[in-house]
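Please read the structure below before turning to the comments.
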Amino acid sequence: MSLIVFAVLVYYAAARIFYARQDESLRSTAETVASAYLQELDEEGSVAKANDVVLAQMVFPNRYVEVLDSEGGVVAWSSNLTGHPVNVPPEVLSEARSRRISYLDQNGLRIAAVPLAPDPQRHLGFALVAEPLNVIAEGMRRLRRDFLFGVPLILLLASLGGSFLARKSLLPIALMNQQTQRITAENLSAQLDVANSRDEVGQLAVTINALLARLDAAFEEQKRFIADASHELRTPLAVLRGETEVALQQDRGAAEYQESLALIKEEAERLSRIVENLFMLARQPIDAPSLIRAPVRLDELVTDCSRAAQVLATQKGLRLKIDGTLPAITVSGDDEMLKQTLLNLLDNAVKYTPAGGEIAIALESQNGDALIIVSDTGIGIPVEDQGRIFDRFYRVDKARSRALGGAGLGLSIARWIVEGHGGLLSVESTPDRGSVFTVELPAGDSQGSLPTISDSER
């Protein structure tokens, strides 16, 4: 369509230029005839002699010359006009006298008329020069023919070239399509070929590869989660089933039944804690937990949690203290979730600190952020395990953790809650010397808006 519109515009522009050039050429010829006629008239002093000389000298192929007197009567004409004089209306002559030029289309001729004398006071007559209009028409006809053959040819070449370039440009996408069709949940680690990472197709391939990598990591995390959850649930269920079968095999005394029921209750409570923690982790996306947004006084929260953890510390023979004075720091978030985070850290410290050890809690403000620091003198964490202790079900000493009632979910939940508040949970630990867990939270409203959940959903 653009090419056709362009051709039409070029055609009409060329027509205007051709006709304008014809008029300019006729005017130049007519002025030349008038100038020659006036010169011969001044030299010879005879109108008839001037007519003869001028018409004999002024011979133009495909053009006709005619001389009129001041009244418009024909006094002389070129030989190719013999028997076919040009009849010019008086108004055309009047226009020529006033404007020094006038044009007329008549009998297939384009006619230009100019006065013989440049002085308007001398009314000697007019010089007419005519040319057939078919001279221009033939040129326009050739132009139309060229367009009728040229435009389809150009369109054909453009279509072939465009088709070739399109196939060449889309070939990488076709290959990507074939490769992505072969990718399933079992081989998400497969990568698309990247021919040129700097162009759009290459960037798309890089983006898809990154997406596949994230999906593969998510699937692996899901598989590991299912496997770990199955393993953790299998143990208490096996204990419950085994103890129940033993208790039902034969009559036993009240003390033995009480011992079995106590064991069943202990394992049931452990199973209940695991299921509750699993529900908490599975209920919300790890990147955007739904938390209640409300002002939380961290100094009061630390005091309440340390009072609750004091009972566990005392039972194990540990000393739990608050380092320094607690500053009044307020954050915006979920009070119960933050309490659970701190209690998980304190419970973890109590479990892995031998009797006679010490646990300390501190609250600080640093660069506009609130820092809750929980330190202990426990067994510590090996350097190679510090990067994985926040993974779900990961435990450094699995046998000891299970004996202490841990399922490897407390730190994972704590990190999930802290990150949901826009904060950061980190650890520094030295084996056999203790660990320091630091909760960093944006103070005030700096962490931005948090979504809320209703009490019934909680």
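Heavy atoms only: backbone and side chains are in, while hydrogens, waters and symmetry mates are out.
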*Quick check: does any side chain N or O of N367 sit under 3.5 Å from a backbone N or O of D369, one acting as donor and the other as acceptor?*
no

*Is there a side-chain contact between L345 and L411 (heavy atoms, below 4.5 Å)?*
yes

_What I want to find out is whether R142 reaches D146 closely enough, with some N-O distance under 4.0 Å, to be called a salt bridge._
no

*S163 side-chain N/O to S159 backbone N/O, donor-acceptor pair under 3.5 Å*: no

*Look up atom CG in D347 and atom CG in L342, then write down how far apart they are to the nearest 0.5 Å.*
11.0 Å

*Please answer whether the main-chain N or O of T303 pairs with a side-chain N or O of S306 as donor and acceptor at a distance below 3.5 Å.*
yes

_G357 backbone acceptor or donor facing K316 side chain under 3.5 Å_ = no

_Does atom CD (E428) have a neighbourhood of more than 12 heavy atoms from anything else shown, all under 6.0 Å?_
no

*Euclidean distance, L363 CG relative to L298 CG, rounded to 0.5 Å*: 5.5 Å

*Electrostatic pair R110-E131, nearest N-O below 4.0 angstrom*: no

_Within-4.5 Å side-chain heavy-atom neighbours: V129 and S25_ = no

*asked:* Can a donor-acceptor pair be found, under 3.5 Å and without considering hydrogens, that links the side chain of T330 to the backbone of P295?
replied: no

*Minimum side-chain heavy-atom gap L320-I361 below 4.5 Å*: yes

_Looking at R241, I'd like to know if its CZ atom is crowded, meaning that more than 12 non-hydrogen atoms belonging to other residues, nucleotides or ligands lie closer than 6.0 Å._
no

*Search all heavy atoms of V418 against all heavy atoms of L425 and return the closest pair with its distance.*
CG1-N, 3.9 Å

*Hey, does N348 have a side-chain heavy atom less than 4.5 Å from the side chain of N344?*
no

*asked:* To the nearest 0.5 Å, what is the distance between CG on L133 and CD on E138?
replied: 13.5 Å

*Give a yes or no on whether E300 atom CD has more than 12 heavy-atom contacts from other residues, nucleotides or ligands under 6.0 Å away.*
yes

*Answer yes or no: does atom CZ of R297 have more than 12 heavy-atom neighbours from other residues, nucleotides or ligands under 6.0 Å?*
yes

*asked:* If I take atom CG from residue L441 and atom CD1 from residue I329, how far apart are they, to the nearest 0.5 angstrom?
replied: 9.5 Å

*Quick one: CG on L346 to CG on L318, what's the gap to the nearest 0.5 Å?*
11.5 Å

_For the backbone of E24 and the side chain of S28, can you confirm whether one donor and one acceptor N or O come within less than 3.5 Å of each other?_
no

*Is the closest side-chain heavy-atom distance between V331 and H421 below 4.5 Å?*
no

*Mind checking whether R27 and Y103 have side chains closer than 4.5 Å, heavy atoms only?*
yes

_Quick check: do E364 and P327 have side-chain heavy atoms less than 4.5 Å from each other?_
no

*Got more than 12 heavy atoms from elsewhere within 6.0 Å of OH, Y12?*
no

*asked:* Closer than 3.5 angstrom, by distance alone: can the side chain of K339 be matched with the main-chain N or O of L301 as a donor-acceptor pair?
replied: no

_Contact between F147 and R144 at the side-chain level, heavy atoms closer than 4.5 Å - yes or no?_
no

*Short side-chain to backbone donor-acceptor contact, D376 and G434, under 3.5 Å*: no

_Using modelled atom types and a 3.5 Å cut-off, is there a donor and acceptor pairing between side-chain atoms of S429 and backbone atoms of G380?_
no

*Is the number of heavy atoms from other residues, nucleotides or ligands under 6.0 Å of F6 CZ greater than 12?*
no

